[in-house]
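Just so it is clear: chains get the letters A, B, ... in the order the sequence lines come, proteins before strands, and each one is counted from 1.
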Amino acid sequence: MTTVMLRDLANARSGDKGNRLNIALVCRDPAHFSVIAAQVTEARVADVFASRHPTRVVRYALPNLAAFNFVLDDVLEGGVNASLGLDGHGKSLSFLLLDIPIQLEADDPRATRGTQHQTV
Amino acid sequence: MADTVFIGGGAGFAGDRTDAAGPVVDALAACDGPRFLMFETLAERTLALAQLERRRDPARGYNPALERFIAPILARCLAAKIRIVGNFGAANPQAAARRIADVARQLGLKPPRIAYIDGDDLSGMLTPAELTARETGGSLLAGTPDIIAANLYLGAEPIVQALDQGAEIVVTGRVADSALALAPLMHVFRWQTGDWDRLAAGTLCGHLLECGAQITGGYFADPGHKDVPDLANVGYPIAEIDAAGTIVIGKPAGTGGRVDRQTVVEQILYEIHDPAAYLAPDVVLDLTAVTVAEIGRDRVRVAGARGRPAPETLKATVCVDGGVLGEAEISYAGANAAARARLAADIVLARMRQRAPELAIRVDAIGAVSILGTSGTVPDTGASGSRDIRLRFAAQSAVPGAVDILLDEVEALYCAGPAGGAGVRRHTRPRLASASCLIERRFARPRAIMLEEGA
């Protein structure tokens, strides 16, 4: 097995509505849909954002689009009209998701082309 | 009936580029078929700010950049029969329509037929208590006496009426963003209530265009991972839609940016919650069967939107006074900067515990931790090994003067804080808080009104 970062395999985009954040996660190569489905679970994403204490994390899978939509409740400190922080929209937060390490089979083409990989 | 309708996205938010629509208009003018240019310039907060402005001056309350959006493209749009649909009317669509008529006069153009839409404003129709009873997902409105703005998200119907009456320009206040594109499609293709899949396709088309460059390479670039050519001159999108509801997204030739599966799918899911149920006033859009195909350079086909009957209620955004936000910053640089910044934060927090213990304070260390920290904790100023830290303090209060105590304490660091404190900036600004309500449709009174010539 080889470890790559999620950002080697996928794109992410944040959006907000009030105190709710959504992050679209789009596989760059649709062939990675199942490996990402298996590893980027609701529990794992809740872990990434634990310091923001999400009250609910839901993942919607969109196989036609080779994408996922994550919805995280109550992670924006009240949202753009209430947060004291600089990013009340949560626009920067998609890049936290992309920092998740992903295990790939050693024969996956991305396993040798990823920017940050190591054999484990 | 036309085979294909062309809709360009001229702006994606109130502060968007005012020169972006030019290349879109040039490209639309060369297209063969009904052509429209849409401007989406109205976020939740924007409308409440516009309501406050209208209170101060009854002739204002529309998007302050209206003239800068319209003037560069008005003559070309009228000459090429490109009809304009925009929500830049904000809190005062009638005044915005008059302003556009003025601009046309100043440019020496034949007076255009301009319609404006009203009926989204709920103020005076429902009491604060009645709005409170309809609030969803929170309880902000409970006990709030003063509603600054309460506006329904109207659907496409009144815009269709205006286009049916021959309007060359339609100015709206609050409508669903997607209705700005759905309405022209309903007007041309005669899609009706009940054609749920096609209304869903039109809603998806609006959703794809409503953020301007976010589908053509904006909000996307990540150098080395996701490169975008000539982002400085990114082209804004043009959608081509057929009568079956198939959408092709492209952009003007010669502009920067990129349109491909990745940019389009990111935007399909932007600000979506349940992809099977995106609620709009005209239809419930189901994205789960949508497919995306690259069919040429910077051309992507989107198909498969499915629709279900529209929700029984309409969403409204209600804004109330949110007090005052105060922010102050000070910098520490060079040797041991992180420790001096940390000492400064500790001093301010100690002083505030003595002077205003009830005030919640946020501290960020720009250059180390400015986004990922959480309120109520002191950031690790040494986190990045930075020798250049800008501390930022923020607080919010409904009590006049309360946040000034914090700003005064930050400024006092100049003489009484750690060595080398530099560059204090401080400001306060009023804040608006917003809540969502679900409102019965009988309270919506959408109307399309033609501006009389010479008005």
Given heavy-atom pairs under 4.5 angstrom as the criterion, report whether the side chain, backbone, both or neither of [X] touches chain A.
{"X": "B:A276", "answer": "neither"}
{"X": "B:D222", "answer": "side chain"}
{"X": "B:L432", "answer": "backbone"}

Are there residues of [range] that reach to under 4.5 Å of chain B by heavy atoms, and which ones?
{"range": "residues 30-57 of chain A", "answer": "A:P30, A:S51, A:R52"}
{"range": "residues 76-94 of chain A", "answer": "A:E77, A:V80, A:N81, A:A82, A:S83, A:L84, A:G85, A:L86, A:D87, A:K91, A:S92, A:L93"}
{"range": "residues 21-28 of chain A", "answer": "A:N22, A:A24, A:V26, A:C27, A:R28"}

Q. Using a cut-off of under 4.5 Å for heavy-atom pairs, which of A:N11, A:N69, A:V58 has the most such pairs with chain B?
A.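 Looking at each of A:N11, A:N69, A:V58 in turn, A:N11 comes out on top.
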Q.
I need the residue from A:V71, A:N19, A:N64 with the largest number of non-hydrogen atom pairs under 4.5 Å to chain B.
A.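 Heavy-atom pair counts peak at A:N64.
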Q. Is the side chain of A:R13 donor-acceptor paired with the backbone N or O of B:Y219 at a distance under 3.5 Å, no angle test?
A. yes
Q | Heavy-atom donor-acceptor pair, A:R20 side chain to B:H273 backbone, under 3.5 Å | A |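 Not confirmed, A:R20 side chain does not pair with B:H273 backbone.
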**Q.** Residue among B:R261, B:Q262, B:E327, B:Q396 with most heavy-atom pairs under 4.5 Å to chain A
**A.** B:R261
Q. Does any heavy atom of chain B fall under 4.5 Å from the side chain of A:A66, the backbone, both, or neither of them?
A. both
Q: Please report the C-alpha distance between B:L269 and A:L62 in whole Å, then the side-chain angles of each, then the deciding distance to 0.1 Å, and finally whether the side chain to side chain contact (heavy atoms under 4.5 Å, CB included) criterion is met.
A: CA-CA 10 Å; B:L269 294 174; A:L62 293 125; 3.7 Å; yes
Q | Spatial distance of atom NE2 (B:H225) from atom CE (A:M5) [nearest 0.5 Å] | A | 10.0 Å
**Q.** Which residues share a ring pair (Phe, Tyr, Trp, His ring centres under 6.0 Å) with A:F70, sequence neighbours left out
**A.** none
(Q) To check you understand the geometry: which heavy-atom pair defines the closest contact between A:Y60 and B:P275, and what is its length? (A) CG-CD, 3.3 Å
